[in-house]
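First the proteins, then the strands, lettered A, B, ... as listed; each starts at 1. All heavy atoms count here, side chains included; hydrogens, waters and symmetry mates do not. Because the structure is a prediction, the values reported are computed rather than measured.
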Number of protein chains: 2
Amino acid sequence: MDLKQVEKISKALGDPYRLKLMETINKQQDWLQCSIIIEMFDLSQSTVSHHLKQLLEADLLISEKDGRNCKYKVNKEVISGYKNFLTQLEG
Amino acid sequence: MDLKQVEKISKALGDPYRLKLMETINKQQDWLQCSIIIEMFDLSQSTVSHHLKQLLEADLLISEKDGRNCKYKVNKEVISGYKNFLTQLEG
DNA sequence: TTAACAAATCGATATTCATCGATATATAAA
DNA sequence: TTTATATATCGATGAATATCGATTTGTTAA
């Protein structure tokens, strides 16, 4: 993982709503529907969509189309790679 | 570590210069002098000072006065705590 | 005590980002 | 095909941030 991706991931995690999104999506056994996420947050649909996009572009989430719905889950591999970078900072 | 600190740390790491600062300071055996850091970066003294402040306020760095100089080192405990939060996101 | 130096702070400016309502796109249901 | 629903995108706006030069503060050396 290069510095550019580390920067992108850090930026994506540097927002309270996006942290909550990550926690919420991770709590699910499997995928979480976008429409359910929107109901859970006190933000407009377009703003939630914006935040999900940031997390997707940082590869922190994986999304899949499901009819006219969209579902998300956490990309654990990328989080693991990010943790490896942080481990270097402890070296 | 609460969400507010995770957010602060993430924000602090979400900048290319600050990531470089963390790497640079971590490479040192012990402390790294501020004046040396300033020489190494193509940024004004006030800007470097600003970035170091962000990292300090996120507890990612520890600083110590040394005469009229100032020296820094990485706070490995906080990085460890941050990694623990990320581990939860993998759960 | 004065001069030199290191680092922090201030004030200004340009850029980035979060947020919203409105609109567009795509899919499913009637 | 028309209508309804889910999500993405657009355009605007206000807030936060990065950056700089100038100044201030605190410390050492002359």
Let me know the distance between CG of A:Leu52 and P of C:dA18, rounded to the nearest Å. 13 Å
Can you measure A:Ile38 atom CD1 to D:dT5 atom P for me and round it to whole angstrom units? 15 Å
I'd like to know if B:Glu64 and B:Lys71 make a salt bridge, using a cut-off of under 4.0 Å between side-chain N and carboxylate O. yes
What string of B, S and - do you get for nucleotides 14-23 of chain D 5' to 3' if you count protein non-hydrogen atoms under 4.0 Å? ---SSBBBB-
B:Ser49 side chain: which of C:dA28, C:dT9, D:dT28 is closest? C:dT9
Checking the side chain of A:Ser49 only, and the main-chain atoms of A:Gln45 only, is there a donor and an acceptor separated by less than 3.5 Å? no
Whole-Å distance, B:Asn69 CG to D:dA29 C1', equals 13 Å
Using only atom types and a distance under 3.5 Å, with no angle test, would you say the side chain of A:Asp59 pairs donor to acceptor with the backbone of A:Asn75? no
Whole angstroms only, please: what is the CG-P distance between A:Leu55 and C:dC17? 14 Å
Identify the two heavy atoms, one from A:Gln33 and one from A:Asp66, that lie closest to each other, and give their separation to 0.1 Å. NE2-OD2, 3.7 Å
Under 4.0 angstrom between A:Lys53 side-chain N/O and D:dT7 OP1 or OP2: no
Atom CD1 of A:Ile36 and atom C1' of D:dT7 are separated, to the nearest Å, by 14 Å
Atom pair distance, as rounded to whole Å: CD in A:Glu64 and P in C:dT27: 14 Å
Closer than 4.0 Å, any side-chain N/O of B:Ser35 to the OP1 or OP2 of C:dA7? yes
Looking only at atom types and distance, does a side-chain atom of B:Thr87 sit under 3.5 Å from a main-chain N or O of B:Lys83, one as donor and one as acceptor? yes
Atom CD of A:Gln33 and atom P of D:dT7: how far apart are they, to the nearest Å? 7 Å
Do side-chain atoms of B:Lys8 reach the backbone of B:Ala58 as a donor and acceptor pair under 3.5 angstrom? no
Rounded to whole Å, please give me the gap between CG in A:Leu32 and P in D:dA6. 15 Å
Spacing of A:Asn69 atom CG and A:Ile36 atom CD1 [to the nearest 0.5 Å]: 8.5 Å
